[in-house]
Amino acid sequence: VNRTLVQLLADREQELRTRHGIAFRITGIASRRLGWHADPNGFDATTALSFHSEREGHGFSRAENASKEGGLQPLRGPGVQHWLQAAQADVLFEATSLNVETGQPAIDHIRAAIEHGAHAITANKGPIVHAYRELRDLAAANNKHFLFESTVMDGVPIFSLFDQLPVIHLQGFHGILNSTTNVIISEMENGLTFDESLKKAQSLGIAETDATYDIDGYDAAVKTAALVTVLMDVPIKLEEIEREGIRDLTPYALRNGRRDGWPFKLVCRARRTPTGVQASVRPEKVLITQPMARIAGASSYIYFETDIFPGLAITEENPGLYATAYGMLADFVRAIKSR
Ligand SMILES: NC(=O)c1ccc[n+]([C@@H]2O[C@H](COP(=O)([O-])OP(=O)(O)OC[C@H]3O[C@@H](n4cnc5c(N)ncnc54)[C@H](OP(=O)(O)O)[C@@H]3O)[C@@H](O)[C@H]2O)c1
């Protein structure tokens, strides 16, 4: 995601400067295996992308070669705070892998960024589910933005849509929010095996680092929890969401379902109750004439029920990684312009 963001930033650099008055430098790059790299003068996009693109075997050839040439040395100091300072960071783009159990290390990265004085933008759902209120309040206390538009439906403006709908009451929603399982279901209906279908989703770059998070419904449940927590203001725990993945759906059942006019979909649901919110993620048979039945491949769909608009739906057709990166870019513009 962040590599695609680097490409998108390079592509839109001039427009950002001329139309929005925003200039930027990439001054820090970090990952688990690369370590922490910083240069307050900025890495150009080609250098930034070379950190990963020439990865070979266990090594990172470009980074290692450049290190030998005296170029790209990981910082020797400890951890994220030191890195943020060395990079003189104004904005952090956090895109580490999803950790459904704890939301770490993303929560620590975001907390450190805000305490350092930077806006924090993330595509990682873990921090929303495990630390939304804390990070929101920390950002507000430090006059910084904590933004996360790319966590649900890639870059589609879901959270910022509700910024445009003040004092509306969200009663519930349903939708298809996990692209990997939707690709698997679509491809299995077309005759591929489960493994071939999963490989196809992975080749599109949309699968989680650990694809069992997709297959067993965790990713969809985390997205459901993020929407409930932020938009319904009920901090629901993952264990409170009834969850079933797609592991038990056989090619036979999928093809028959489609043939009979009731195709299977992995459906996320949430509904306000007198005591809180009831939420689920599970395979459901959907009537072929319903909009959800037409959501194929990597596409997603959400239908909101509010007290003002009884039904408000958004469909996202076949997004790529640029859609996710775009959500982070849009958050970046929002954060900088509303300073
Ligand atoms: N791909 C999508 O379509 C999409 C859409 C919306 C949201 N997201 C979210 O965006 C995030 C990134 O997704 P991705 O597809 O870019 O995943 P990815 O290609 O697997 O990249 C994950 C990155 O996180 C780094 N990382 C993992 N654990 C780390 C740790 N403990 N400390 C430091 N770095 C760590 C990895 O570093 P190493 O390579 O060094 O291990 C890797 O660079 C995830 O949270 C995902 O849920 C993805």
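The first residue of the sequence shown is numbered 1, and numbering continues consecutively from there.
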- Message: Tell me the closest heavy-atom pair linking Ile114 and Leu135, and the distance in Å.
- Response: CD1-O, 4.0 Å
- Message: With clusters defined by side-chain heavy atoms of hydrophobic residues (ILVMFWY) lying less than 4.5 Å apart, directly or transitively, does Leu165 cluster with Val228?
- Response: yes
- Message: Strictly below 4.0 Å, N to O, side chains only: are Asp90 and Arg25 in salt-bridge contact?
- Response: no
- Does a side chain donor of either Thr315 or Glu317 reach within less than 3.5 Å of an acceptor in the other side chain? no
- OH-CG distance between Tyr322 and Leu329, expressed to the nearest 0.5 angstrom: 11.5 Å
- Message: Would a single hydrophobic cluster contain both Leu98 and Val129, if residues Ile, Leu, Val, Met, Phe, Trp and Tyr are joined by side-chain heavy-atom contacts under 4.5 Å?
- Response: yes
- Query: Is the backbone N or O of Tyr218 less than 3.5 Å from a side-chain atom of Asp216, with the two atoms forming a donor-acceptor pair by type?
  - Reply: no
- Query: Measuring from Met188:CE to Phe264:CZ, what's the distance to the nearest 0.5 Å?
  - Reply: 11.0 Å
- Backbone N or O of Arg12 within a donor-acceptor pair of the Glu15 side chain at under 3.5 Å? no
- Message: Measuring only between side-chain heavy atoms, which start at C-beta, is Leu266 closer than 4.5 Å to Ile176?
- Response: no
- State plainly whether the residues Lys200 and Glu196 are in salt-bridge range, i.e. N to O under 4.0 Å. no
- Message: Let's go through Phe146 and Ile128 carefully: what are the C-alpha distance in whole Å and the side-chain angles of both, what is the deciding distance for side chain to side chain contact (heavy atoms under 4.5 Å, CB included) to 0.1 Å, and is it a yes or a no?
- Response: CA-CA 10 Å; Phe146 167 47; Ile128 313 301; 3.7 Å; yes
- Under the 3.5 angstrom rule, does the side chain of Asn124 hit a backbone N or O of Thr96 as a donor-acceptor pair? yes
- Message: Taking side-chain contact (heavy atoms from CB on, under 4.5 Å) as the definition, give me every residue that meets it alongside Ile206, ordered by chain and number, with sequence neighbours left out.
- Response: Ser179, Thr180, Val183, Ala201, Leu204, Ala298
- Message: Determine whether a donor-acceptor pair (N or O, by modelled atom type, separation under 3.5 Å) exists between the side chain of His116 and the backbone of His82.
- Response: no
- Minimum side-chain heavy-atom gap Val6-Ile29 below 4.5 Å: no
- Task: Could you verify whether a donor N or O on one side chain and an acceptor N or O on the other, from Glu149 and Ser160, lie under 3.5 Å apart?
- Result: yes
- Looking only at heavy atoms, the pair that brings Ser97 and Thr209 closest together is OG-OG1, 3.2 Å
- Query: How about Glu94 and Asp108: do any of their side-chain heavy atoms sit closer than 4.5 Å?
  - Reply: no
- Task: Please answer: with hydrophobic residues joined when any side-chain heavy atoms are less than 4.5 Å apart, are Val152 and Leu238 in the same cluster?
- Result: no
- What is the minimum heavy-atom distance between Ala131 and Ile107, and which atoms define it? CB-CD1, 3.7 Å
- Query: Would you find a donor on one side and an acceptor on the other, under 3.5 Å apart, between the side chain of Ser150 and the backbone of Thr324?
  - Reply: yes
- Query: Heavy-atom count around Arg259 CZ within 6.0 Å, excluding the residue itself: above 12?
  - Reply: yes
- Query: Around Asp163, counting heavy atoms of other residues, nucleotides and ligands shown, do more than 12 lie under 6.0 Å from its CG?
  - Reply: yes
- Message: I'd like to know if Lys199 and Asp195 make a salt bridge, using a cut-off of under 4.0 Å between side-chain N and carboxylate O.
- Response: no
- Message: Under 4.5 Å between side-chain heavy atoms, counting indirect links through other Ile/Leu/Val/Met/Phe/Trp/Tyr residues: same cluster for Leu192 and Leu249 or not?
- Response: no
- Task: Enter the distance from Thr122:OG1 to Met328:CE here, rounded to the nearest 0.5 Å.
- Result: 5.5 Å
- Does some side-chain heavy atom of Ile288 sit less than 4.5 Å from a side-chain heavy atom of Arg258? yes
- Message: Angle between ring planes, Tyr303 versus His174, binned at 30° and 60°: parallel, tilted or perpendicular?
- Response: parallel
- Message: When you compare the side chain of Val230 with that of Arg136, does any pair of heavy atoms fall below 4.5 Å?
- Response: no
- Message: Please check: side-chain N/O of Arg272 versus main-chain N/O of Leu170, any donor-acceptor pairing under 3.5 Å?
- Response: yes
- Message: So Glu242 and Arg269, do their side chains get closer than 4.5 Å, heavy atoms only?
- Response: no
- Taking only residues two or more places apart in sequence or in another chain, which ones pass ring-ring contact (aromatic ring centres under 6.0 Å, His included) with Phe304? Phe162
- Ala38 and Ala87: which non-hydrogen atoms are nearest, and at how many Å? CB-N, 3.8 Å
- Query: Just how far is it from atom CD1 of Ile168 to atom OG1 of Thr306, taken to the nearest 0.5 Å?
  - Reply: 3.5 Å
- State, to 0.1 Å, how close Phe159 and Ala226 come at their nearest heavy-atom pair, and which atoms those are. CE2-O, 4.2 Å
- Item | Candidate pair Thr229 and His130, rule side chain to side chain contact (heavy atoms under 4.5 Å, CB included), full reasoning | CA-CA 10 Å; Thr229 301; His130 291 281; over 6 Å; no
- Message: Would the distance check show the side chain of Asp214 and the main-chain N or O of Thr181 forming a donor-acceptor pair, the cut-off being under 3.5 Å?
- Response: no
- Message: Using 0.5 Å steps for rounding, measure from the CG atom of Leu5 to the OH atom of Tyr326.
- Response: 12.0 Å
- Query: Would you say Glu189 and Ile185 make side-chain contact, with heavy atoms under 4.5 Å?
  - Reply: yes
- Begin with the C-alpha distance, continue with both residues' side-chain angles, and end with the deciding distance and a verdict on side chain to side chain contact (heavy atoms under 4.5 Å, CB included) for Phe332 and Leu147. CA-CA 8 Å; Phe332 174 54; Leu147 299 172; over 6 Å; no
- Item | Greater than 12 external heavy atoms within 6.0 Å of Gln171's CD | yes
- Say you draw a straight line from OG1 of Thr224 to CD of Glu240; how long is it, rounded to the nearest 0.5 Å? 13.0 Å
- Message: Check this for me: does any side-chain nitrogen of one of Arg111 and Glu134 sit under 4.0 Å from a carboxylate oxygen of the other?
- Response: yes
- Query: Could you walk me through whether Phe24 and Val91 pass the side chain to side chain contact (heavy atoms under 4.5 Å, CB included) check?
  - Reply: CA-CA 10 Å; Phe24 65 88; Val91 180; over 6 Å; no
- Query: Under 3.5 Å, is there a donor-acceptor pair between the side chain of Lys223 and the main chain of Leu177?
  - Reply: yes
- Backbone of Val333 reached by a side-chain donor or acceptor of His20 within 3.5 Å: no
- Task: Give a yes or no on whether the backbone of Gly297 and the side-chain of Ser186 come within a donor-acceptor separation of less than 3.5 Å.
- Result: yes
- Closest non-hydrogen atom pair between Ala313 and Tyr301, with its separation: CB-OH, 3.7 Å
- Task: Count the heavy atoms of every other residue, nucleotide or ligand shown that sit under 6.0 Å from CZ of Phe148, and state whether that count exceeds 12.
- Result: yes
- Message: Determine whether His145 and Ser338 satisfy the following criterion, side chain to side chain donor-acceptor pair (under 3.5 Å), listing intermediate values before the conclusion.
- Response: CA-CA 9 Å; His145 288 276; Ser338 62; 2.8 Å; yes
- Message: Would you say that Leu92 contacts Trp83 through its side chain, given a criterion of any heavy-atom pair below 4.5 Å between the two side chains?
- Response: yes
- Query: Can Met153 be reached from Met232 by stepping across I, L, V, M, F, W or Y side chains whose heavy atoms are under 4.5 Å apart?
  - Reply: yes
